[in-house]
Amino acid sequence: MTDGDRADADDFAVAADDPVSAAVEVVARSAPEIRAGLAGRRRKADEQNPSGETQLAADVWADELLERRLAAVDGIHQFASEEREGVVDCGGEGASGGYAVTVDPLDGSSNLKPNNTMGTILGVYDAALPAKGAQLVAAAYVLYGPITTMVVARDGEVTEYVLESEGDELAERRAVREDVTLPDDPVVYGFGGRVPNWTDRFADYAGEIADELKLRYGGAMIGDVNQVLTYGGVFAYPELESRPEGKLRLQFEGYPIGYVVETAGGASSDGSGSLLHVEPDDLHQRTPVYVGNEALVDRLEARF
Ligand code: P6P
């Protein structure tokens with residue numbers, strides 16, 4: 001870490017009662033800066049992430065920014081990111097006495113080129129990584145849409161905030177919806193992958209759902225999941241014929257989003273049961289992801 005990086009981490013030290021609140025606050029306060037920094041970082045970086053996907057300069061920059069600041073929080077002992085291979089030891093006696101955080105710094109960064117929605121995903125675990133979804137103590141996501149919002153799931157409740165900024169600095173994190181729950185009557189669905197690559201059993205399910213709900217798929221999970229959280233429905237990046245494990249990463253996307261949706265009264269699944277109970281064998285393992293209204297997820301599982 002350069003002196004400049006250290007100064008940034010020190011300047012950024014957030015006042016918070018506990019490491020979990022501090023981690024959420026770090027992401028909230030970094031969001032306006034990440035949003036402001038996107039325009040000049042649309043070019044491809046020279047690297048690929050551990051999942052073999054080409055990185056953008058924005059991916060690398062947001063990852064380094066969040067690692068510096070989250071690793072500096074007292075009580076956070078491990079950091080891991082979808083954009084980097086291994087777990088970063090942040091000091092302390094290992095995650096046994098502290099928390100581990102995971103980020104997807106820019107979920108849906110391929111949407112930067114067409115100027116579509118993107119997000120930042122945070123998971124906070126009270127266990128060493130790779131940790132199980134059931135060991136999450138908080139999960140959150142920032143949605144870079146027409147406005148910047150943040151959804152935080154913690155202590156059995158989901159809260160939505162608007163992040164007001166002045167320039168690239170957070171001016172206010174204002175709660176606009178408290179105790180957020182999925183509406184009982186679902187309205188939207190969004191399914192990833194190419195239709196010819198869907199398995200027959202998923203294609204049959206998708207056909208049923210398409211007859212009942214409205215298609216809302218934008219190519220960034222956070223934007224699509226936020227539609228489900230707002231209107232009710234189901235989001236899936238399913239098993240594929242060519243890739244039975246699907247595309248999304250369990251540790252960085254499946255667990256946190258499953259935690260948010262389940263905390264909001266919905267359900268999550270890998271096709272057989274809650275995402276939070278899928279075993280994390282590898283930090284970057286992929287999983288099929290199905291999240292939304294419980295009845296819709298139950299219907300999916302009944303077919304699998
Ligand atoms: P596709 C973004 O790259 C991402 O990881 C998720 O945010 C999103 O749901 C999915 O991949 C989009 O994948 O195949 O539709 O481009």
Side-chain angles (χ1 to χ4, degrees), residues 31 34-35 38 41-42 44-45 47-60 62-63 66 80-84 102-123 139-145 149-151 188-199 202-203 206 209-210 215-230 233-261 268-271 275 283-292 300:
I34 289 173
R35 185 180 188 114
L38 294 175
R41 293 182 171 87
R42 296 169 71 168
K44 287 183 179 174
E47 306 295 325
Q48 288 190 336
N49 69 14
S51 301
E53 297 162 339
T54 301
Q55 292 177 313
L56 297 184
D59 289 312
V60 176
D63 174 53
L66 289 170
S81 162
E82 187 175 294
E83 300 303 330
R84 62 178 74 202
T102 63
V103 296
D104 181 356
L106 266 187
D107 172 68
S109 58
S110 57
N111 271 351
L112 190 47
K113 187 172 179 181
N115 191 28
N116 210 323
T117 56
M118 277 168 288
T120 294
I121 307 174
L122 169 72
Y141 62 78
V142 173
L143 176 55
Y144 305 102
T149 55
M150 185 174 194
V151 167
V188 299
Y189 76 98
F191 296 156
R194 296 176 186 277
V195 175
N197 205 3
W198 287 350
T199 59
F202 182 74
I209 297 298
L215 173 59
R216 288 289 184 274
Y217 187 80
M221 177 170 70
I222 292 306
D224 298 329
V225 166
N226 204 58
Q227 293 251 26
V228 169
L229 201 66
T230 305
V234 57
F235 167 83
Y237 206 104
E239 61 177 18
L240 302 172
E241 291 291 358
S242 62
R243 195 156 65 178
E245 72 280 10
K247 174 183 182 183
L248 303 182
R249 275 61 46 152
L250 176 65
Q251 191 80 64
F252 303 103
E253 297 164 302
Y255 284 155
I257 295 310
Y259 185 87
V260 169
V261 174
S268 79
S269 180
D270 67 340
L275 283 169
L283 188 64
H284 292 278
Q285 79 186 58
R286 299 174 192 266
T287 179
V289 171
Y290 311 96
V291 292
L300 180 284

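First listed ligand is number 1; within each ligand, the first listed atom is number 1. None of these values were measured; they are calculated from a predicted model.
Judged purely by distance below 3.5 Å, without hydrogens or angles, the side chains of Glu239 and Thr199 pair a donor atom with an acceptor atom. For Asn226 and Tyr141, the side-chain atoms include at least one donor-acceptor pair closer than 3.5 Å. In the model, Thr287 has no side-chain atom that pairs as donor or acceptor with a side-chain atom of Asp270 under 3.5 Å. Counted by atom type alone, Ser268 and Tyr255 present zero donor-acceptor pairs between their side chains at under 3.5 Å.
Annotation: ligand 1 has protein neighbours Asp107, Gly108, Tyr217, Gly219, Ala220, Met221, Phe235, Tyr237, Lys247, Leu248, Arg249, Glu253, each with a heavy atom less than 4.0 angstrom from the ligand.
Asp107 places a side-chain N or O within 3.5 Å of a backbone atom of Ile222 that can act as its donor or acceptor partner.
Between Arg249 and Asp104 there is no salt bridge, since no side-chain N of the basic residue sits under 4.0 Å from a carboxylate O of the acidic one.
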